[in-house]
Each structure stands twice: as structure tokens, then as C-alpha cells.
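Beneath this line is the structure, given in C-alpha cells, with notes to follow.
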Amino acid sequence: MAKILKREKYGCVCIFPCGMSTASGAQQPSACGSGKMLKHFGVDVLAVRIHGGYFVSPKFDVRERPGKVEVEVEHLFSPQALAQKSEEEVQRILDDALFTDDFHWNADGRHSYKCDWGCADKLEQLLYRCPKCGGEHMHGSGGEIKCLDCGNGGVLHSNYTLHPFEGSVLPKNLRQWFDDLRRQMRQEVLSQDFCLKGRAQIGTMPTYGYVKDKKIGDIQGEGELTIDRQGLHFDGEREGKPFSLFIPSRLLDTLLLPVDAGFFYTYASGEFLFFLPESKSAAKWCFAAEEVHRVNGGKWQNYPWFDYSGEPAEPYAALKK
């Protein structure tokens with residue numbers, strides 16, 4: 001990146017500041033240091049916003065669903081503007097400019113996405129808790145998602161509008177449901193004795209060669225996975241030998257759902273590792289890791305406009321007014 005920007009006359013680098021596609025249909029804050037990096041290079045910066053991309057390949061089921069996608073480009077910084085602003089100001093402006101919400105974008109257009117097998121398939125990987133009874137036995141199949149404990153549920157249509165069954169209680173869309181689950185996890189994490197524990201497989205990428213058959217990597221072992229107020233713990237075996245791992249809470253902001261909601265990964269001592277929890281939803285573990293990091297004062301905090309008390313975050317269009 002440095003070579004391209006410093007040595008090539010018309011060098012151009014494309015960066016995804018949050019490091020992955022969105023899990024909820026709305027962006028998370030940019031990676032820490034993004035503002036510092038832009039000031040360091042002092043180049044022209046374009047903000048590119050992609051609308052509808054989440055609907056084409058959502059995190060809970062990455063099979064492609066053809067449909068409308070719009071791309072919006074804005075000249076965000078000149079070298080002179082970067083020089084006049086602090087790293088913190090650049091970071092804040094970047095987060096504001098790149099924030100998107102596909103559900104807000106599609107509220108008027110109601111664009112549909114072709115999905116012959118049903119839009120709600122595997123949705124429980126992401127939305128694991130029932131908004132009515134609080135049970136964690138949601139099941140998405142075909143075009144429907146419902147709670148196996150109380151029957152609460154609804155239909156997810158091809159334009160991603162969510163219609164509850166008669167007598168059911170659901171948020172207005174998947175993004176709001178996702179944010180509600182984060183708020184619930186935040187309340188749990190605020191307790192000093194918070195502890196999320198369960199069995200999980202552990203794996204990594206092959207040292208040489210490609211990953212085959214669309215796998216995420218090579219499973220190497222399994223054990224007990226725990227996230228508490230101190231950080232992430234794993235105790236089990238790897239390649240037939242005892243293996244333990246601890247990642248302190250301040251480093252847990254690197255833990256993401258990079259491809260789908262069935263697993264999550266992190267870096268530990270320079271090594272890429274991924275975990276497949278025995279439970280259906282890796283999203284719950286991701287919420288726990290991120291909120292433990294944030295509650296303990298980690299640097300990768302949520303947007304300043306995100307309200308943990310229950311109000312939805314303002315979409316990009318509202319922020320620009």
C-alpha cells in the first residue's frame with residue numbers, strides 16, 4: 001500500500017475500513033487507526049458507499065441473491081483538508097461518511113432479490129433469540145423464521161420486509177433485531193461475573209496452498225470456549241495435543257464474522273484462528289467479544305450515535321441532514 005501511494009504517480013488503493021461486509025445490513029465503525037493512516041499518506045480520499053450489497057449475499061446465507069445494487073461516490077478529503085484535521089476528526093468524518101443501512105435505503109424502493117430457496121434460510125445463525133419469549137431456539141427455513149419454543153415468528157419476503165405471524169412480536173426489520181441482540185448482550189456483559197461458555201472446534205488456514213471445497217480452513221481440534229470480562233479463553237486440544245489460548249479483552253476488537261455467521265475468527269500471536277461454536281449462532285459469541293472489549297475501555301468503540309438504551313442508530317441519510 002505504501003509503495004503504491006508513495007511511488008506511483010496515479011496509484012490507487014481500495015480499503016474496506018471495517019474489514020468485512022456488514023453482518024446486520026448496516027456498517028460498524030472503521031478499524032482503529034484509519035484516521036491516522038489517511039493523515040500519514042496525505043492523499044485524496046474518495047468515500048464509496050454500496051447500497052443493496054447485503055441483500056445480495058447476507059451473512060446468514062451467503063448464496064447469491066441477484067438484485068438491485070447502487071454505488072455512491074463522494075470526494076471526502078483532499079491532502080490539504082487532511083493536514084488541517086486531527087486523526088480523531090478524520091476518523092469521525094470517515095465513520096459518518098461510510099455509514100450505510102440497506103434497510104433504510106430499500107424502504108422506499110422495495111427492490112426484490114431472487115432467492116428461490118427462501119430468504120429466511122439459516123437466519124437463526126444471526127438472529128438467535130426470540131423477541132417474545134427470550135428463548136434461543138429460533139429456526140429459519142425457506143421464507144419463514146420462528147421460535148421452536150413458543151411459535152413466535154414471521155415471513156421474510158424477497159424485498160427483506162419482515163411480516164410477523166398473527167399474534168407474533170418481531171422488530172420492524174432484521175437490522176433492528178440484530179441491534180436489539182447487541183443491546184441485550186451489552187446488559188449481560190456489564191455484570192462483573194459475565195461468562196459465556198460452550199464447546200467449539202478450532203482451526204486455521206493451511207500453511208501452503210488453497211482452501212478447498214469452499215471451506216473456511218482446516219479444523220485442528222476442539223475444546224471449551226469461554227468469553228468473560230477478562231477476554232477469550234480456549235482450553236482443549238489441537239492436532240492431538242493439549243492447547244490453551246487467552247486473548248485479553250483489549251484485543252478482541254479484531255474478532256469478526258468475515259464470511260458468514262456460522263463461525264468467527266481472530267489473530268493470536270500472529271496466527272489466524274477460527275472457532276465454530278457447537279451452538280448454531282456464532283453471532284452471539286461475536287457480540288460478547290465486541291462488547292467485552294468496549295465495556296472494558298477498548299479502543300474500538302461503537303458509533304457515538306449508537307444508543308444502547310434502545311433507540312436505533314441514525315441511518316446515513318439522517319446524519320447528512
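Along the sequence shown, the residues carry numbers beginning at 1.
In this structure a side-chain-to-backbone donor-acceptor pair under 3.5 Å is missing from Trp300 to Leu251. Counting only distance, with no hydrogens or angles, the side chain of Trp117 and the backbone of Gly143 share no donor-acceptor pair below 3.5 Å. Remark: side-chain polar atoms of Glu124 are paired, donor with acceptor, to backbone N or O of Gly140 under 3.5 angstrom.
A centroid separation of 6.0 Å or more is found between the aromatic rings of Phe263 and Phe275. The aromatic ring centroids of Tyr113 and Tyr54 lie 6.0 Å or more from each other.
Using bins of under 30°, 30° to 60° and over 60° for the plane-to-plane angle, the ring pair Tyr267/Tyr265 lands in the perpendicular bin. Note on ring orientation: taking the six-membered ring where Trp is involved, the planes of Phe55 and Tyr160 are parallel (angle under 30°, cut-offs 30° and 60°). Classification of the His111-Trp105 ring pair by plane angle, with boundaries at 30° and 60°, yields tilted.
For the 3.5 Å distance criterion, the side chains of Gln301 and Arg294 fail to qualify, holding no donor opposite an acceptor.
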- Query: salt bridge (Lys or Arg N to Asp or Glu O under 4.0 Å) between Glu74 and Arg49: does it pass, once the steps are laid out?
  - Reply: CA-CA 9 Å; Glu74 173 190 359; Arg49 292 178 288 275; 3.1 Å; yes

- For side-chain contact (heavy atoms from CB on, under 4.5 Å), just list the numbers for Thr226 and Asp235, CA-CA rounded to whole Å, side-chain angles, deciding distance to a tenth of an Å, and then say yes or no. CA-CA 9 Å; Thr226 304; Asp235 292 291; over 6 Å; no

- When you look at Arg229 and Glu188, which way does the salt bridge (Lys or Arg N to Asp or Glu O under 4.0 Å) test go after all the steps? CA-CA 10 Å; Arg229 285 291 297 269; Glu188 295 179 32; over 6 Å; no

- Message: Please evaluate residues Asp307 and Arg183 with respect to the criterion salt bridge (Lys or Arg N to Asp or Glu O under 4.0 Å), reporting the C-alpha separation (whole Å), side-chain torsions for both, the decisive distance (0.1 Å), and the verdict.
- Response: CA-CA 9 Å; Asp307 188 348; Arg183 293 185 182 98; 5.9 Å; no

- Message: Before you tell me yes or no, could you show the steps for Arg110 and Thr161 under side-chain contact (heavy atoms from CB on, under 4.5 Å), namely the whole-Å CA-CA distance, both residues' side-chain angles and the distance that decides it to 0.1 Å?
- Response: CA-CA 8 Å; Arg110 297 292 182 96; Thr161 54; 3.9 Å; yes

- Item | Candidate pair Leu127 and Phe178, rule side-chain contact (heavy atoms from CB on, under 4.5 Å), full reasoning | CA-CA 6 Å; Leu127 306 177; Phe178 184 93; 4.1 Å; yes

- I would like to know whether Lys3 and Glu8 meet salt bridge (Lys or Arg N to Asp or Glu O under 4.0 Å); could you show each step before the answer? CA-CA 7 Å; Lys3 180 180 177 181; Glu8 296 187 17; over 6 Å; no

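A distance of 10.5 Å separates CD of Gln192 from CG of Asp228, quoted to the nearest 0.5 Å.
Using a 4.0 Å cut-off between charged side-chain N and carboxylate O, Glu291 and Arg186 make a salt bridge. With respect to Lys284 and Glu136, a salt bridge is recorded, a charged nitrogen being found less than 4.0 Å from a carboxylate O. Remark: Asp179 engages Arg175 in a salt bridge, criterion side-chain N to carboxylate O under 4.0 Å.
Among Thr100, Asp101, Asn106, the one residue that satisfies the side-chain contact (heavy atoms from CB on, under 4.5 Å) test with His51 is Thr100.
Heavy-atom neighbours of Glu64 CD from other residues, nucleotides or ligands within 6.0 Å: at or below the threshold of 12.
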